[in-house]
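I have placed the structure first, in the form of structure tokens, so that the comments after it can refer back to it.
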Amino acid sequence: MDALSASAVKESMMKIASWNIEWMNHWFTGDSGPAQWRSAAQIRGVSDIDSLAQRVAAVIQSMAADVLLIQEGPSRKAELALFVDDYLNGDYDIVGPSGSGQQKLYALIRKGGAVVSFERAYSSGEIDLDASWRVGIDGTILDGRLQLEEYQFTRAPLMLDIFDGKHTIRVINLHLKSKYIHKGQRMWSNPETRPAFIVEAVKVRRRISAEAMRIREYLNELMEQDDEMRVVVCGDFNDGPGTDFFERQYLTHNLVATIAGNPCAPRRMFRHGFADRVDKRENFTAIFDDFIDEVNGRKVLLDHILVSPGLYWKLRDGTIDHQAFALGVDNTLPGSREKLPSDHRPQWVSFA
């Protein structure tokens, strides 16, 4: 276990934040050489990487979270370490990465904060979040049966245990499967290709549902061991609390409700950490053009922090930190992506 300074033991509250920092991997050069910053170039709408990194750092420093869970982190730990050293004064320890591909999951632990010690956690039991499992994705019926296939998380969750001097909290960082479909808007807009888009969209949502259900099964396993266990599940769920077109018409799952749990087992249901604490006009973490419902600039709640029953009554505050996010916005820049620190707003909760 990585032990931090004993002076970190304080009576202050624990603050846990979560933020999808859009495509951090594009800040750095390729993985074939040592970790280093990419030279100024137009990458996903961003040409001044130094300015962007400074603005992202300003948001992180403003929140001053003891634990920051990052989604869409860089592909290599050395690259995130470069950011921490160059823009965050080396003030954070790094846990991770988890996941595959170019979008990884990490945790930053603030040195000298409320976390006394920490260690990366792994599944122990029947539900192994790093392993594949059999599930019906495409709904194909063979010989009167729904065909099952092997499936794995697109990005395996990152889990860690943090200790505040009195209690251990299991933290699970998620970035569930994206709903994105290549050329989806064009396919939807064309009556001839719309059916093919719907088929693909339902498959994608079944994949996300499979991941959400797997997480809930793992939480059930934890609660079976100790229904007072302190657990935080956070990250980009790629789904909000509202019912969308595919849930209404094709009966796909509401992912947040799936992960939160069954009301018939209330002692194992997880509660939202901030949704009922934020003004409804500010209760969003991303803004996207919804070409299905034809709503431009739709404000959606994609990112969540859920807490276990054993921890909920210790919850003191929680919010979507639009104020900190605004510190990373540069309105002198031309494009919407150019001026924003990310396409997602950060969130945090605090505990006694």
Side-chain angles (χ1 to χ4, degrees), residues 18-26 31 44 69-77 79-80 95-107 120-123 127-140 147-160 171-184 187 197-219 232-240 244 246-247 250 252-260 285-286 288 300-306 342-344:
S18 178
W19 192 16
N20 181 324
I21 308 176
E22 184 184 7
W23 274 105
M24 288 187 76
N25 200 54
H26 287 284
D31 293 352
R44 296 187 71 86
L69 288 307
I70 293 175
Q71 301 89 47
E72 296 199 23
S75 57
R76 293 187 291 173
K77 184 175 182 178
E79 293 167 337
L80 185 59
V95 181
S98 184
S100 59
Q102 299 183 54
Q103 296 181 344
K104 297 292 182 65
L105 296 158
Y106 291 89
R120 185 164 179 173
Y122 295 91
S123 305
I127 305 299
D128 183 355
L129 299 182
D130 289 314
S132 64
W133 70 100
R134 292 182 64 76
V135 64
I137 294 296
D138 64 9
T140 301
Q147 181 72 11
L148 300 180
E149 58 188 271
E150 291 293 320
Y151 183 73
Q152 282 183 290
F153 279 94
T154 306
R155 291 167 282 259
L158 173 69
M159 297 189 292
L160 65 152
V171 182
I172 304 173
N173 185 11
L174 300 179
H175 187 183
L176 298 185
K177 176 78 176 70
S178 171
K179 293 181 178 179
Y180 174 78
I181 296 173
H182 184 58
K183 297 181 180 180
M187 294 175 68
F197 169 81
I198 290 175
V199 168
E200 188 60 31
V202 170
K203 286 183 181 180
V204 168
R205 280 157 174 77
R206 289 173 70 89
R207 292 186 181 102
I208 307 172
S209 293
E211 294 183 1
M213 185 64 73
R214 190 69 166 174
I215 289 295
R216 184 62 233 185
E217 289 176 337
Y218 175 72
L219 296 178
V232 176
V233 183
C234 61
D236 180 358
F237 292 8
N238 270 310
D239 188 51
D244 69 11
F246 289 94
E247 291 170 47
Y250 295 95
T252 58
H253 291 168
N254 179 291
L255 306 181
V256 181
T258 297
I259 295 173
T285 58
F288 292 112
V300 291
L301 183 61
L302 294 180
D303 308 85
H304 306 272
I305 301 178
L306 305 180
S342 174
D343 58 351
H344 289 248

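FYI, side chains are in, hydrogens and waters are out, and symmetry mates aren't considered; it's all heavy atoms of this structure. From a predicted model like this one, the values you see are computed outputs, not experimental measurements.
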message = Looking at Met213, is its backbone amide N or carbonyl O close enough to the side chain of Thr258 to form a donor-acceptor pair, meaning the two atoms are under 3.5 Å apart?
response = no
task = Give a yes-or-no answer on whether the side chains of Asn25 and Gln103 include a donor-acceptor pair shorter than 3.5 Å.
result = no
ask   = Is a side-chain donor or acceptor of Ser132 paired with a backbone partner of Glu150 at a separation under 3.5 angstrom?
value = no
ask   = Should the pair Arg134-Glu149 be classified as a salt bridge under the 4.0 Å nitrogen-to-oxygen rule?
value = no
task = Mark yes or no for whether Ser342, through its side chain, and Asn20, through its backbone, hold a donor-acceptor pair below 3.5 Å.
result = yes
Side-chain donor/acceptor of Thr154 to backbone N/O of Lys177, under 3.5 Å = no
inquiry  = Please verify the inter-ring angle class for Phe288 with His344; under 30° counts as parallel, over 60° as perpendicular, anything in between as tilted.
reply    = perpendicular
request  = Starting from the C-alpha separation in whole Å, work towards a yes-or-no answer on side-chain contact (heavy atoms from CB on, under 4.5 Å) for Met159 and Ser98.
outcome  = CA-CA 9 Å; Met159 297 189 292; Ser98 184; over 6 Å; no
Exam field: side chain Arg216 to backbone Ala260, donor-acceptor pair closer than 3.5 Å = yes
Donor-acceptor contact present, side-chain Tyr106 to main-chain Pro74, <3.5 Å = yes
task = Would you check if the side chain of Asp239 reaches a backbone N or O of Leu255 as a donor-acceptor pair within less than 3.5 Å?
result = yes
query = Does any N or O in the side chain of Glu72 come within less than 3.5 Å of the main-chain N or O of Glu22, such that one atom is a donor and the other an acceptor?
reply = no
message = Determine whether a donor-acceptor pair (N or O, by modelled atom type, separation under 3.5 Å) exists between the side chain of Asn238 and the backbone of Leu176.
response = yes
task = Return the orientation label for the Phe153 and Trp133 ring planes: parallel under 30°, perpendicular over 60°, tilted otherwise.
result = tilted
ask   = Can any side-chain N or O of Asp343 pair as donor or acceptor with the backbone N or O of Ala286 at less than 3.5 Å?
value = no
inquiry  = Whether Glu211 and Arg214 form a salt bridge (side-chain N of Lys/Arg under 4.0 Å from carboxylate O of Asp/Glu) is what I want to check.
reply    = no
